[in-house]
Chemist: 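For reference, the structure I am asking about is given below.
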Amino acid sequence: MQPLRQYLATNNIEPSLITLIDVLAIACKDIAFRLQQGAMSGILGSAGEENVQGETQKKLDVISNDLLKNYLLASGVVKALASEEEETIVSGNEAGSYLVCFDPLDGSSNIDINSMVGTIFSIFSAAEGSAVNEKSFLQPGRQQLAAGYVLYGPSVMLVLTTGDGVQMYTLDQRIGEFVLTNDHVVIPEETKEFAVNMSNQRFWAEPKQRYVEDLLAGSEGPRAKNFNMRWMAAMVADVHRILCRGGIFTYPWDSRDPDKAGKLRLMYEANPMGFLVEQAGGKAYTDKMPILDIEPEHIHQRVPVFLGAANEVTTCVEYHQSS
Ligand code: F6P
Ligand code: MN
């Protein structure tokens, strides 16, 4: 079982990118320690503020954001970062080679019930010489150099792609290192498991209603098979299940907030997860196009998300296109 840095070095990853991934891993180990201390570390509950997305921030959202920011800015290789919890981009080292986007604590409503949460990140290269601004970040997801997440569950796991498949690492608590535990992650093309927040059903558009209705009709319906449903209320945990045993995850547009294209954020959630899913042989779409081909318009942009088993995502998107 190879430690993270050794695996990356033997696979010819640029040394400065290894430094960056290693720094992200260190910050996440720090977050994992605080999560494990739970109520004893005084980190549970609300920080009493709203973030730029208009959501109540948990204390641990703020702590995780600050930890990641401080570690990344101290690394020397980061030119600028964008976080779901920061209104504007934060500049780092002018000579740094990388731009980093992150969701410091995905699924944070799970913190207070001791359930799964995670940190999601996405890495782009920074143009040399030119000054950095928000526009520097508006690159399609297909240009990501690396993306991944750390899942804080019964084990702490790092799941990573550098564009050459998806690898899973598990934190070995005895030595404090992420070690490679799965170097060949593949999402089966077919599935009988879907993830969606069913309580929003009445707010969905007609194609999404029809798609889920047909899933629920099971072996007697047009899909002619019985489906199971799971919803973890943390995208990172749902995507992890899909990378481990398959399935489809959907967070569509809905009419509760009709002006928003969806709930999930392109730069901090959809792009990094889309890159991982494609690298594992799955598909990641909006209702119209591959997520990784979207030309971002602003850093906090939201998108509808349909990702996972290739054939199931194709079927789901066909429902949307045929209407
Ligand atoms: O970050 C947004 C998020 O917490 C995702 O992690 C998760 O999939 C989703 O929102 C949960 O949404 P809902 O509150 O509708 O269950
Ligand atoms: Mn999130």
Side-chain angles (χ1 to χ4, degrees), residues 4-5 8 13-32 51-53 61-106 118-151 158-163 166-167 169 178 235-236 264-276 279 291-292 294 296 298-301:
L4 172 65
R5 261 164 310 184
L8 294 173
I13 303 299
E14 188 79 20
S16 59
L17 185 55
I18 298 181
T19 301
L20 173 52
I21 293 169
D22 195 38
V23 163
L24 283 162
I26 292 169
C28 292
K29 286 187 239 177
D30 201 334
I31 296 170
N51 67 8
V52 59
Q53 325 280 345
D61 281 326
V62 177
I63 294 168
S64 309
N65 186 56
D66 289 347
L67 276 172
L68 281 157
K69 201 166 63 173
N70 294 340
Y71 276 108
L72 288 170
L73 294 180
S75 73
V77 296
V78 175
K79 187 155 182 169
L81 57 87
S83 161
E84 188 182 302
E85 302 295 337
E86 303 273 342
E87 197 149 353
T88 54
I89 66 156
V90 180
S91 298
N93 180 4
E94 244 173 72
S97 311
Y98 302 105
L99 304 175
V100 185
C101 303
F102 59 87
D103 176 354
L105 209 60
D106 179 62
T119 297
I120 310 172
F121 57 86
S122 157
I123 301 171
F124 291 95
S125 71
E128 260 174 59
S130 56
V132 72
N133 55 34
E134 191 170 316
K135 270 201 185 138
S136 322
F137 282 82
L138 304 182
Q139 310 179 29
R142 219 159 281 288
Q143 288 176 23
Q144 290 170 102
L145 298 176
Y149 61 80
V150 171
L151 177 70
L158 167 66
V159 179
L160 180 71
T161 182
T162 52
V166 176
Q167 295 81 41
Y169 302 82
F178 282 104
M235 183 193 200
V236 70
L264 301 175
R265 294 78 171 174
L266 175 61
M267 308 296 291
Y268 318 113
E269 294 167 324
N271 265 345
M273 294 312 202
F275 192 17
L276 286 167
Q279 284 293 316
I291 284 170
L292 299 186
I294 299 173
H298 53 90
I299 56 168
H300 295 304
Q301 181 171 347

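Treat the numbers as computed from the prediction; the structure is a model and nothing was measured.
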Chemist: Quick check: closest heavy atoms across Ala82 and Ile299, and the distance to 0.1 Å?
Modeler: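 Reported closest heavy-atom pair: CB-CD1, 4.5 Å.
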
Chemist: Tell me the closest heavy-atom pair linking Phe121 and Leu24, and the distance in Å.
Modeler: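 Heavy atoms only, the tightest pair is CD1-CD1, 3.6 Å.
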
Chemist: To the closest 0.5 Å, what do you measure between CG (Leu266) and CD1 (Ile294)?
Modeler: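 One finds 5.0 Å between CG of Leu266 and CD1 of Ile294.
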
Chemist: Please round to the nearest 0.5 Å and tell me the distance separating atom CZ of Phe137 and atom SG of Cys101.
Modeler: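 Between atom CZ of Phe137 and atom SG of Cys101 there are 5.5 Å.
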
Chemist: Determine whether a donor-acceptor pair (N or O, by modelled atom type, separation under 3.5 Å) exists between the side chain of His300 and the backbone of Thr88.
Modeler: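 The answer is no, because no donor-acceptor pair under 3.5 Å joins these two groups.
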
Chemist: Identify the heavy atoms of Glu269 and Leu264 that sit nearest to each other, and give their distance.
Modeler: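 Looks like OE1-CA, 3.3 Å.
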
Chemist: Can you confirm whether Val90 sits close enough to Leu72 that some side-chain heavy atom of one is under 4.5 Å from a side-chain heavy atom of the other?
Modeler: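 No, too far: nothing below the 4.5 Å cut-off.
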
Chemist: Would you find a donor on one side and an acceptor on the other, under 3.5 Å apart, between the side chain of Asn70 and the backbone of Asp66?
Modeler: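 Here the side-chain-to-backbone pair exists.
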
Chemist: Looking at Asn133 and Ser136, would you say the former's side chain and the latter's main chain have a donor-acceptor pair under 3.5 Å?
Modeler: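 Here the side-chain-to-backbone pair exists.
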
Chemist: Which residues pass the side chain to side chain donor-acceptor pair (under 3.5 Å) test with Ser16, not counting sequence neighbours?
Modeler: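 For Ser16, the residues satisfying side chain to side chain donor-acceptor pair (under 3.5 Å) (neighbours in sequence not counted) are Tyr98.
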
Chemist: Looking at Glu128, is its backbone amide N or carbonyl O close enough to the side chain of Lys79 to form a donor-acceptor pair, meaning the two atoms are under 3.5 Å apart?
Modeler: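 Flag not set: sc Lys79 to bb Glu128 has no pair under 3.5 Å.
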
Chemist: So Met267 and Phe124, side-chain contact (heavy atoms from CB on, under 4.5 Å) or not? Walk me through it.
Modeler: CA-CA 11 Å; Met267 308 296 291; Phe124 291 95; 4.2 Å; yes

Chemist: Tyr149: which residues meet the ring-ring contact (aromatic ring centres under 6.0 Å, His included) condition with it, sequence neighbours left out?
Modeler: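 Tyr149 satisfies ring-ring contact (aromatic ring centres under 6.0 Å, His included) with His240 once adjacent residues are dropped.
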
Chemist: Mind running side-chain contact (heavy atoms from CB on, under 4.5 Å) on Val78 and Val23 for me, showing each step along the way?
Modeler: CA-CA 11 Å; Val78 175; Val23 163; over 6 Å; no

Chemist: To the nearest 0.5 Å, what is the distance between CZ on Phe178 and NZ on Lys29?
Modeler: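 Output value for this atom pair is 6.5 Å.
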
Chemist: Just to verify, what does Gln279 make a side chain to side chain donor-acceptor pair (under 3.5 Å) with, not counting sequence neighbours?
Modeler: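 With neighbours one apart ignored, the set is empty.
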
Chemist: Can you measure from CG (Leu99) to CD1 (Ile123) and round to the nearest 0.5 angstrom?
Modeler: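 Between Leu99 CG and Ile123 CD1, I get 10.5 Å after rounding to 0.5 Å.
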
Chemist: Evaluate whether atom CZ of Arg5 has more than 12 neighbouring non-hydrogen atoms of other residues, nucleotides or ligands under 6.0 angstrom away.
Modeler: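 No, CZ of Arg5 has 12 or fewer neighbouring heavy atoms, counting only those of other groups under 6.0 Å.
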
Chemist: Do you know the tightest heavy-atom contact between Ile26 and Tyr71?
Modeler: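 Minimum heavy-atom separation between Ile26 and Tyr71: CG2-CE2, 3.6 Å.
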
Chemist: Less than 4.5 Å apart, side chain to side chain, heavy atoms only: is that true for Val159 and Leu151?
Modeler: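 A side-chain contact under 4.5 Å is absent here.
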
Chemist: Specify the closest pair of heavy atoms between Gln139 and Ser125, including all atoms of both residues, with the distance to one decimal.
Modeler: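 For Gln139 and Ser125, the tightest heavy-atom pair comes out as NE2-O, 3.3 Å.
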
Chemist: Would you say that more than 12 heavy atoms from the other residues, nucleotides or ligands in this model lie under 6.0 Å from the CD of Gln143, or not?
Modeler: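 For Gln143, atom CD is crowded (more than 12 foreign heavy atoms under 6.0 Å).
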
Chemist: Calculate, to the nearest 0.5 Å, the distance between atoms CE and CG belonging to Met273 and Asn271 respectively.
Modeler: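 Going from the CE atom of Met273 to the CG atom of Asn271 covers 11.5 Å.
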
Chemist: Quick one: closest heavy-atom pair of Glu134 and Ile89, and the distance?
Modeler: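 It is N-CD1, 3.9 Å.
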
Chemist: Any chance you could lay out the side-chain contact (heavy atoms from CB on, under 4.5 Å) test for Leu68 and Ile31, step after step, and finish with the verdict?
Modeler: CA-CA 9 Å; Leu68 281 157; Ile31 296 170; 4.1 Å; yes

Chemist: Nearest 0.5 Å, what's the OG1-CD1 distance between Thr162 and Ile13?
Modeler: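 One gets 3.5 Å once the value is rounded to the nearest 0.5 Å.
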
Chemist: Okay, side chain of Glu84, backbone of Arg265: is any donor-acceptor separation there less than 3.5 Å?
Modeler: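 Looks like no, no N/O pair under 3.5 Å.
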
Chemist: Would you check, one step at a time, whether the test side-chain contact (heavy atoms from CB on, under 4.5 Å) holds for Asp103 with Met235?
Modeler: CA-CA 11 Å; Asp103 176 354; Met235 183 193 200; over 6 Å; no

Chemist: Kindly indicate whether the side chain of Gln144, heavy atoms from C-beta on, has any atom under 4.5 Å from the side chain of Leu292.
Modeler: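 Touching, per the 4.5 Å side-chain cut-off.
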
Chemist: Are side-chain N/O atoms of Ser83 and Asn65 paired as donor and acceptor at under 3.5 Å?
Modeler: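 Side-chain D/A pair, Ser83 to Asn65: present.
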
